[in-house]
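Note sheet for the following structure.
Keep in mind that the numbers below use all heavy atoms, side chains included, and drop hydrogens, waters and symmetry copies. Chain identifiers are assigned alphabetically (A, B, ...) following the order of the sequence lines, protein sequences preceding nucleic acid strands; residue numbering begins at 1 within each chain.
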4 protein chains.
Amino acid sequence: MDHRITSSTKDEALVKKRLNQLQKGAVQLFKQKGFHRATTREIAKAAGFSIGTLYEYIRKKEDVLFLVCDAVHDEVKTRMENVIDRNSTSEEALRQAVFAYFQIMDEMQDEVLILYQELKALPKEEQEYVMQKEREMVGILERVISNSYANVLDEKNVKLVANNVYVQGQMWGFRRWLIQKEFTLQEYMEMQYQLLKSQLAFQAT
Amino acid sequence: MDHRITSSTKDEALVKKRLNQLQKGAVQLFKQKGFHRATTREIAKAAGFSIGTLYEYIRKKEDVLFLVCDAVHDEVKTRMENVIDRNSTSEEALRQAVFAYFQIMDEMQDEVLILYQELKALPKEEQEYVMQKEREMVGILERVISNSYANVLDEKNVKLVANNVYVQGQMWGFRRWLIQKEFTLQEYMEMQYQLLKSQLAFQAT
Amino acid sequence: MDHRITSSTKDEALVKKRLNQLQKGAVQLFKQKGFHRATTREIAKAAGFSIGTLYEYIRKKEDVLFLVCDAVHDEVKTRMENVIDRNSTSEEALRQAVFAYFQIMDEMQDEVLILYQELKALPKEEQEYVMQKEREMVGILERVISNSYANVLDEKNVKLVANNVYVQGQMWGFRRWLIQKEFTLQEYMEMQYQLLKSQLAFQAT
Amino acid sequence: MDHRITSSTKDEALVKKRLNQLQKGAVQLFKQKGFHRATTREIAKAAGFSIGTLYEYIRKKEDVLFLVCDAVHDEVKTRMENVIDRNSTSEEALRQAVFAYFQIMDEMQDEVLILYQELKALPKEEQEYVMQKEREMVGILERVISNSYANVLDEKNVKLVANNVYVQGQMWGFRRWLIQKEFTLQEYMEMQYQLLKSQLAFQAT
DNA sequence: CATGAATGAGCCTTCATTCAT
DNA sequence: AATGAATGAAGGCTCATTCAT
């Protein structure tokens, strides 16, 4: 699943299976207690095997966090790519992408929360790696926006707007205690999209 | 400084002074290591006194975090209120407020980072308290926006826009590894403000 | 050994063995320093394992004390029951029981001392449990006395006499600094028994 | 109050007053929490002055315990001596003394409990001192018994009986959870006295 | 004399990690 | 490959004692 985690095991298929169990279990656990409060014993249990076995597949507790972060990003990215029509330049394509993104962020609230709050618990190098994944995600949004409004916005503005949208998606889950008390998901998506359009429309004038 | 932290000591002035030392030291420390990795002994040292003395002024390690969160909010709020002209309804007032806010967020990047990442380490009740402070902060922005564009935006849109601006301010520091590589603060402020205006302008049409 | 102490470990045999080591070591240690002055590290060492291992078998330091109290009572009780002839109603049976009891108290002086002095260090619930065991012990003596002199003493007197004997046995160890300087064990046993008999004899007249 | 506790203070009257406050407060406190669980701060507070002042009159926490033990013994002794008619040799005198002793033990249950349970917390030397006081107390009982039944019991028997009575008195409070559930004080006194008399009477035959 | 703020040694407990089976 | 018992470093917190005011 990732070269960064070296296990002594060789059987590729098994390793994959175990790491998958691990990541699945860990996400559930981290949702409840966060990374710091979860013990390695609990992680092993959540994954369905023993401490001893856990350490056959990871070297440090942090590796589990990395695994989770990585998996979350991968899932978000995969889902986004399935939805986006790269060739379309229509406004409708933008709408679709943005709504899809918000939808995904809604469904993966807890996972995103983990990612946000525990990132700094990773070693520098792995933080870099995760950040890179974030950049890619923003990049996807940039492309969509740019495809739809290429002639309206300069590159820098696209970057900023994409970043704003990206953050707005995350905040839906991250600041749920505030936002989700004021808006339904439908409202939030719709209104943010209208604001987005108004930005683009205005610049076009 | 806050009634939640009961110290056994009585001398109000001294308590204030010590809690201030503590908060100042803790912010510096948490910037480097985060709350979890910082030991109580390190916190005490950073504050300039011994463990024993530390526990004369707090009851649990978490109290230090709370102290920091509280102080950060207070400072942001105070600064904002000094800058905002509550009576003015001009567009210029909005610009001033937004720029001031971004400026403050820039100066207090590290503090805000701590606040964001460690909030969930607080006990539920104190999380509530901190969230309430966030709501107040957003409320300030709401008022400014609403004052300037009362007739343009409905209440709900004001809420959303205010929240967006608030988050954008925090993200300047929180996602610095991305944003600050693409924009200078001036650019960021200016561009975000232009986007904001375009939203408002468009709605007005 | 006791359901009250839940260890995370599963292997029953090992748990039994470890708890036994623990109890044995703890008694030796508590004899020297008492419960309060003994550190958990010292307890672990005395038991022959590390701190970490200690806490695989107990949850709180108090648990060790409880373990010891429980074991002491169990041993005293078992020994007594092995000696007592439940069917005999002869005076000889009483003599045998009383002497056996004093003998046991002599051999287990230190353990009894611990039990006496540290009982109140236990949480209320466990104090209750230990007290119940004491009641049972006194109950055994009651039965022996009552068997031998049923027609002589009313129930209440039996209770009182049994309690007196019980306490006299404990005091042999507990007040050794006084009693053992004045009497040999043989003397003490013999004389106390004579006094006991005289009480019973007199009531019978 | 006692030469063992050296205070830097000179004013004899004040010292006496302070030590008295201290002892009075400490007894109340120890009754509730025991010696170990009581902090020096709490002791100072209970005595009505500050920590700093506390340490003007004692050198170690243990000194407070010693003070208390000493005071308890003194009070018991004084009370006993007020009651006992040293010259009387009648049986009535014995009855009076024993009843008085039980009565005192009833009234001073908590104090005696402290004394019993915390003795071993004292340094060896002071333990000795307290034990000496116990010996004196037993001595008083010996004398009373011996006065009444001099010609009946040999010296050793008197010692034993006196010790038994002494212990029975303490146990009224110490094992209250058992004894006081079965007997009223009146019953206990009366019955123990009857048993005592039966011992003496029997020996006399 | 009295005060109480400051100190830091030391305690209990947790938990990531290892390793023999 | 899997297990889980064992380990001990490290952390949070308490509290007896001191000392400057």
Discussion item. Could you tell me how far apart D:Phe35 (CZ) and F:dA16 (C1') are, to the nearest whole angstrom?
Written reply: 10 Å
Worksheet item: Given F:dA2, E:dG8, F:dT17, which nucleotide is nearest the side-chain atoms of B:Ser50?
Response: E:dG8
Worksheet item: Could you give the OH-to-C1' distance, from D:Tyr55 to F:dC15, as a whole number of Å?
Response: 9 Å
Worksheet, complete the sentence: Looking only at E:dC15, E:dA5, E:dC1, the nucleotide nearest the D:Leu14 side chain is E:dC1
Worksheet item: In whole Å, what is the span from the CG atom of B:Leu65 to the P atom of F:dG12?
Response: 13 Å
Fill in: Over 12 non-hydrogen atoms of neighbours within 6.0 angstrom of NZ in D:Lys17
no
Discussion item. Under 4.0 Å, counting only non-hydrogen atoms across every strand here, what does D:Thr40 touch: a base, just sugar-phosphate, or nothing?
Written reply: base
Discussion item. Just N and O in the side chain of C:Lys60: are any of them under 4.0 Å from OP1 or OP2 of E:dC12?
Written reply: no
Worksheet item: How about A:Lys120: does its NZ atom have over 12 heavy atoms from other parts shown lying under 6.0 Å from it?
Response: yes
Worksheet item: Atom CD of D:Gln21 and atom P of E:dA2: how far apart are they, to the nearest Å?
Response: 9 Å
Worksheet item: For the pair made of CZ in A:Phe49 and C1' in F:dA1, what is the distance, rounded to whole Å?
Response: 12 Å
Item to complete: Determine which nucleotide pairs with F:dC19, using a 3.5 Å limit on both distances of a Watson-Crick or G-U wobble pair.
Response: E:dG4
Discussion item. Both C:Gly52 and B:Leu54 contact DNA chain E. Which one's nearest nucleotide lies toward the 5' end?
Written reply: B:Leu54
Worksheet item: Could you state the CD-C1' distance from B:Glu56 to F:dT17, rounded to the nearest angstrom?
Response: 13 Å
Item to complete: Check every strand shown and say whether C:Thr53 touches a base, only sugar-phosphate, or nothing at a heavy-atom separation below 4.0 Å.
Response: base
Worksheet item: Given that both distances must come in under 3.5 Å, which nucleotide forms a Watson-Crick or G-U wobble pair with E:dT14?
Response: F:dA9
Worksheet item: Could one point to a donor on the side chain of B:Arg41 or the base of F:dG12 with an acceptor on the other under 3.5 Å away?
Response: yes
Fill in: Pairwise distance CZ(A:Phe30) to CD(A:Glu42) - rounded to 0.5 angstrom
10.0 Å
Worksheet item: Which distance, rounded to the nearest 0.5 Å, do you find between the CD of A:Gln23 and the CG of A:Asp74?
Response: 9.0 Å
Discussion item. Just checking A:Lys133: does its NZ atom have more than 12 heavy atoms from other residues, nucleotides or ligands closer to it than 6.0 angstrom?
Written reply: yes
Worksheet item: Could you state the CG-P distance from D:Leu22 to E:dA2, rounded to the nearest angstrom?
Response: 13 Å
Worksheet item: Which part of the nucleic acid, if any, lies within reach of A:Arg37 when heavy atoms closer than 4.0 Å are counted: base, sugar-phosphate only, or nothing?
Response: nothing
Worksheet item: F:dA5 phosphate, OP1 or OP2: any side-chain N/O from C:Tyr57 under 4.0 angstrom?
Response: no
Discussion item. Just the rounded figure in Å: distance from P of F:dT7 to CD1 of C:Ile51.
Written reply: 11 Å
Worksheet item: Regarding D:Lys61 and the six-membered ring of D:Phe35, is the cationic atom NZ or CZ under 6.0 Å from the ring centre and inside 45° of its axis?
Response: yes
Worksheet item: Can a side chain N or O of A:Arg59 be found less than 4.0 Å away from OP1 or OP2 on E:dA16?
Response: no
Practice prompt. Remember a base hit wins even if backbone is also touched, and classify C:Ala38 as base, sugar-phosphate or nothing at under 4.0 Å, heavy atoms.
Written response: sugar-phosphate
